[in-house]
Amino acid sequence: MTTANISSTDILDHVAPDSLKGIPRRQTNPARWNGGSWGAFTDALRSQNIEICEKKQTCRVYAVDSGGLASGLPHGVALARSAEQISAILKQAQLHRVPVTVKGGGLTTEGESVAFGGLQLDMRAMNRVLSVDAKNMTVRAQAGIYWHTLGEVLRRDGLDYLSAPLNMTSSVGGTLSVGGIDINSPRLGCSADQAVSLQVVTPTGEIKECSESENPELFERVLLGYGQFGVITEASMRIRKFTPLTMHYFYYGSLREAMEDLQLLVRGDAADYCGILTVLDKAVNLLVAFDSDERERAFFSGWRGRLRGHGQLGFALRMTWHYALRPWRIGEALYLLGRKRALEPAFKPEHHLEKNKIVDRTVVFSNSVWKFWGGKRMVIPDLATSAEKFVEAIERGNAVCRKYFPRYTLYCVGIKLSGRRERYELSCIPPDAEGFAYGCEFEPILGGEDYSREYLQAFKNEIYDIGVEMKTSYYRFGGMMKGYIRRVFGDELVEKHLAMKRAADPAMILNPDVIF
Amino acid sequence: MRDEGRKVDALIVGTGPAAAACAKRLTDAGYETVALERKELPRRKPCSGILSPRGHRFLIENFGPLPKEILHSPSSACGVKFHFPSMRTVSMEFDGGPTPHLNRKFADHWAMKQSGAEIHDRTEFIGLEDKGTHVEVSTRKEERIVRYRARFVIGADGPGLAVARAVYPDYAARLPWFVVGQKFHRIIDCPLDDKYFHFWFHPELGHYTWSHARDGRQIVGVGFLKGGNFDNRHKRVVEYLERKHHVRLGPAEEPEAVTANFGPSLINRYIFGRGNVLITGQAAGFFNMIAEGMSCALHSGAIAGEAAVEAFRSSKDAQRTYRGMIASEVRRCSDQWNPLQIAFGRPHEADFRGAMKKLTPGERLGILREMFSFIRLYSPLNWGRQILWQSLRRLLTGRYPATRWL
Ligand SMILES: Cc1cc2nc3c(=O)[nH]c(=O)nc-3n(C[C@H](O)[C@H](O)[C@H](O)COP(=O)(O)OP(=O)(O)OC[C@H]3O[C@@H](n4cnc5c(N)ncnc54)[C@H](O)[C@@H]3O)c2cc1C
Ligand SMILES: Cc1cc2nc3c(=O)[nH]c(=O)nc-3n(C[C@H](O)[C@H](O)[C@H](O)COP(=O)(O)OP(=O)(O)OC[C@H]3O[C@@H](n4cnc5c(N)ncnc54)[C@H](O)[C@@H]3O)c2cc1C
């Protein structure tokens, strides 16, 4: 056969961006902005007394997000002071076509909050609680505030937010933009769903209030919108009464059984908090927690008997037997034992217990628990699925973890959906999920090893590829890879959102290269 | 006073795939980066241009969709066909479908420009001095000496090994060198499927014998230990193709022959530099099977860039970071030559074992025997024992020992 026999379309198709069978690719590592109009942009802002820091040392502080893999460098940094200041910045950015990348806590892991040139807008200077309405159970806060700080303020009055990421430094604005999942999400939904109304500065610099009744399109676009449709400057959110919680653990040797039991509890609203944390796929820990003694009692009388998980002793005996038959796996057995010894006190830190109840789950998880798998680089690709696809997705993801890393952990939770909302479109909520969605994070324990970004990226790609093949979504815990968005959601939906983005942000300057 | 030259954060020697990938990581992170090229760009590069799926993915993810100007015709390859003296053939498709057939002259230049780094062509690296806090580099540009001063120097200069020689003067002399040459022929009649890259396991033809279609012509290439005669070797292959495969070709045109440092990846003898000088790509010894060098050049180059960025940011020792990070690429590359991995793993991006399974047990045995007698061609190099030992180490510890790297 000679070249003449191949039709020209045949020839060209093979090297198109989507030529890797079934897995179209796009440029995921954007080119750094060339800085063309930077001078004119900063001159215009300085003439309005807006401060931009261009010191290399300061800019370098913003080089990475929590993922620690994608390194960037802004041309300058502005600390957010007010909606008016942000409005002025965005107006000039539109005029001079300067990219603006917003950063709250910067806990993204795919470089979404990293500026590859242009302006970095650091929201953390807008960090005040503006008002607490205990009668209507709402709070109004500036969007750069950390959930933890918000919690501290609310707890003085015996109040609490509904749900927030279990870490100390994620901000309200960043979380409302990506979703946010807590171990109470099976009951209370994702963090973004607790928003009642928002003050937003649109990409063209208009300051707008939005809610389900006022500018509802903007409200639905900005929530879970990855910062594409505006900068959230203030948020009013529902709150609840503060309660310490009692936690219980059940241990499984089988991932599948634990996942099925988690789903059973989620569907049945059997616990106030639940989730799964594993050490490899060997020690699978289903944790449940309760806000009240009544709910705890109801769980033990109605649900415990239906769970296949063991108590500590039962599980220890099982594992002893398992490894006695496989003595060559002694290394793994010792590792599990070591983990158990270290983790147990971490889950029950004396100084955070009051009458055996955990006072602040966020502090416990972030200070005591995450440190066992976190590090300078957080590699946490994830999959968010409907109930039906959950177990298969996790089993496949687990196989990928085993292929790449000797040590890893999985973290799974359910997420209650609040009906069919526009905000869920093109988001972490999979389109086929009904009532509940489920998420799993696949997290290698990197230890002291210097893995290359290329290796870690290959791992992430393989996890994300499962999502493409199974038509799931991504939890956005670890962020959504731009290269996967079209494949997962289809051209039609992406084009629809792109058209909305173009209309809202003509120069495409706000958080560019994250989604489109 | 001596001219200290242009001060940059990083200076990359070379503008091939390793250089482009390295430059991309450095410029993304905002480090001022200059890449040097001794030739005028775009420069020609003798290469089959067949990219592995992993390399294809890397190019798209980092540099964007491939413009058609950087492709030859046919613009893609489906896979590889192995031919044996018994006239048996094993045909393998690339995982994930066809991959691009790159025109290196334009593809390398495109990737380099996409990286955003500043490019200085017609500038030949001639030497360096590592001062601890920075590296002073001398280059020759149009008969003039031009100097640079960089925090890190990355040697991505391919088989030229100019940077490696500057750091380890006696290194290049210790390597076995191969000549790899190709000639282009007008096609009179060519029954070889032009969607595939064809490779011959034939000890009498050469250490590395291949043919494939390009821009309406047929390339016939042969590799052998330095010292042999390229024209004679090449003629022998053309005659063989005519006799055995009924390939009828016009006279040979545009001969291209280069020397190649093929070997370090087989026996885990890489060279990664010293102090503030990192060596990467083919210069470091990365070379995959089936001449698949671009993908490991891209990945190792990116890792060198990443290590430099990490060293800038954390003031960690760049060598240590680089050597830690590069281990995965070493595994990836050396696994392709590791008999245990080939037998029991899946180190290649084309399914050799799957293709073998389609054959009868008798044919399979015959092919293994032919492969074995082909490998014997390499016995004067004394690699056999080293490969086996490294394979065992890999099996037992999960990695290739870093102690063998320079
Ligand atoms: C160690 C660790 C633990 C984590 N634990 C959890 C967890 O338990 N649950 C969970 O859900 N997630 C978790 N995450 C993910 C992370 O918490 C979420 O991505 C987080 O909620 C993002 O908040 P942030 O303030 O860090 O946002 P950033 O990372 O700063 O920003 C997120 C995105 O929103 C944009 N953005 C930021 N602020 C604004 C704003 N005011 N207006 C508009 N756009 C904005 C940014 O440009 C970016 O695209 C974890 C991450 C890490 C690294
Ligand atoms: C005949 C042949 C066929 C091949 N076929 C394939 C194939 O089909 N697929 C595949 O993946 N790989 C193939 N390879 C291998 C592939 O070409 C190399 O592995 C790859 O190019 C290595 O990339 P690199 O960036 O490390 O170096 P190179 O691509 O060699 O780039 C090095 C650059 O440095 C420049 N340079 C050298 N010395 C100096 C100096 N002193 N100063 C300044 N600049 C300097 C050179 O001019 C060159 O531009 C083939 C190789 C050969 C020889």
Side-chain angles (χ1 to χ4, degrees), chain A residues 1-6 8 10-34 56 59-60 63-64 68-75 111 114-117 376 404 406 448-459 461 465 481-483, chain B residues 24-25 27-31 53-54 56-58 60-66 68 71 73-78 95-101 114-116 187 190-195 213 215-216 299-300 302-303 306-307 309-310 312-314 320-329 332 398:
Chain A
M1 195 171 165
T2 62
T3 331
N5 297 343
I6 308 172
S8 61
D10 201 10
I11 290 173
L12 288 181
D13 277 351
H14 294 321
V15 291
D18 60 352
S19 65
L20 290 171
K21 222 182 270 170
I23 312 217
R25 298 283 150 199
R26 294 170 57 105
Q27 183 170 8
T28 43
N29 300 320
R32 183 173 152 77
W33 180 63
N34 63 20
K56 270 265 161 76
C59 292
R60 292 237 181 269
V64 287
L69 288 185
S71 300
L73 185 74
H75 284 80
V114 174
F116 296 93
K376 238 181 75 213
Y404 278 83
E449 190 105 357
D450 272 323
Y451 288 98
S452 70
R453 171 179 173 177
E454 309 312 318
Y455 188 76
L456 299 173
Q457 192 62 58
F459 162 68
N461 282 347
D465 287 352
M481 287 284 291
K482 181 178 155 189
Chain B
K24 169 79 178 151
R25 291 288 179 269
T27 48
D28 277 358
Y31 293 99
R54 197 167 72 109
H56 187 194
R57 182 182 267 208
F58 186 96
I60 293 174
E61 288 188 351
N62 287 282
F63 303 114
L66 277 51
K68 65 176 188 301
L71 304 171
S73 122
S75 60
S76 63
C78 294
D95 294 347
T99 68
H101 179 188
Q114 290 290 100
S115 79
I187 299 172
C190 185
L192 298 173
D193 189 340
D194 72 353
K195 285 188 171 163
D215 302 332
H299 286 84
S300 63
I303 293 170
E306 198 188 329
V309 168
E310 190 66 19
F312 274 121
R313 284 209 348 247
S314 62
R320 250 186 87 186
T321 311
Y322 182 37
R323 283 160 194 262
M325 287 178 173
I326 202 75
S328 58
E329 196 54 29
R332 179 99 206 184

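We use all heavy atoms of the structure for the numbers below, so side chains are in, but hydrogens, waters and symmetry mates are not. Within every chain, numbering begins at 1; the chains are lettered A, B, ... in the order of the sequence lines, protein sequences first and strands thereafter.
- Of the two parts of B:Arg332, neither the backbone nor the side chain holds a non-hydrogen atom closer than 4.5 Å to a non-hydrogen atom of chain A.
- For B:Arg25, the part sitting under 4.5 Å from any heavy atom of chain A is the side chain, from C-beta outward, and nothing else.
- Separating the CG atom in A:Leu73 from the CZ atom in B:Arg313 is a distance of 11.0 Å, to the nearest 0.5 Å.
- In this structure, no portion of A:Pro406 lies under 4.5 Å from any heavy atom of chain B.
- Considering every non-hydrogen atom in both A:Ser71 and B:Val309, the closest pair reads OG-CG1, 3.5 Å.
- Using a 4.0 Å cut-off between charged side-chain N and carboxylate O, B:Glu310 and A:Arg453 make no salt bridge.
- For the atom pair A:Glu454 CD and B:Ile303 CD1, the distance stands at 5.5 Å (nearest 0.5 Å).
- Interface remark: A:Val114 contributes no atoms to any contact with chain B (heavy atom separation under 4.5 Å).
- In this structure, OH on B:Tyr322 lies 13.0 Å from CG on A:Asp450, to the nearest 0.5 angstrom.
- To the nearest 0.5 Å, the span separating CZ on B:Arg54 from CG on A:Asn461 amounts to 11.5 Å.
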* **Intermediate values then yes/no, side chain to side chain contact (heavy atoms under 4.5 Å, CB included), B:Glu329 and A:Ser452** => CA-CA 9 Å; B:Glu329 196 54 29; A:Ser452 70; over 6 Å; no

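- For the set A:Arg60, A:Lys56, A:Glu449, the entry with the most heavy-atom pairs within less than 4.5 Å of chain B is A:Arg60.
- Heavy atoms of B:Phe312 lying under 4.5 Å from chain A are absent altogether.
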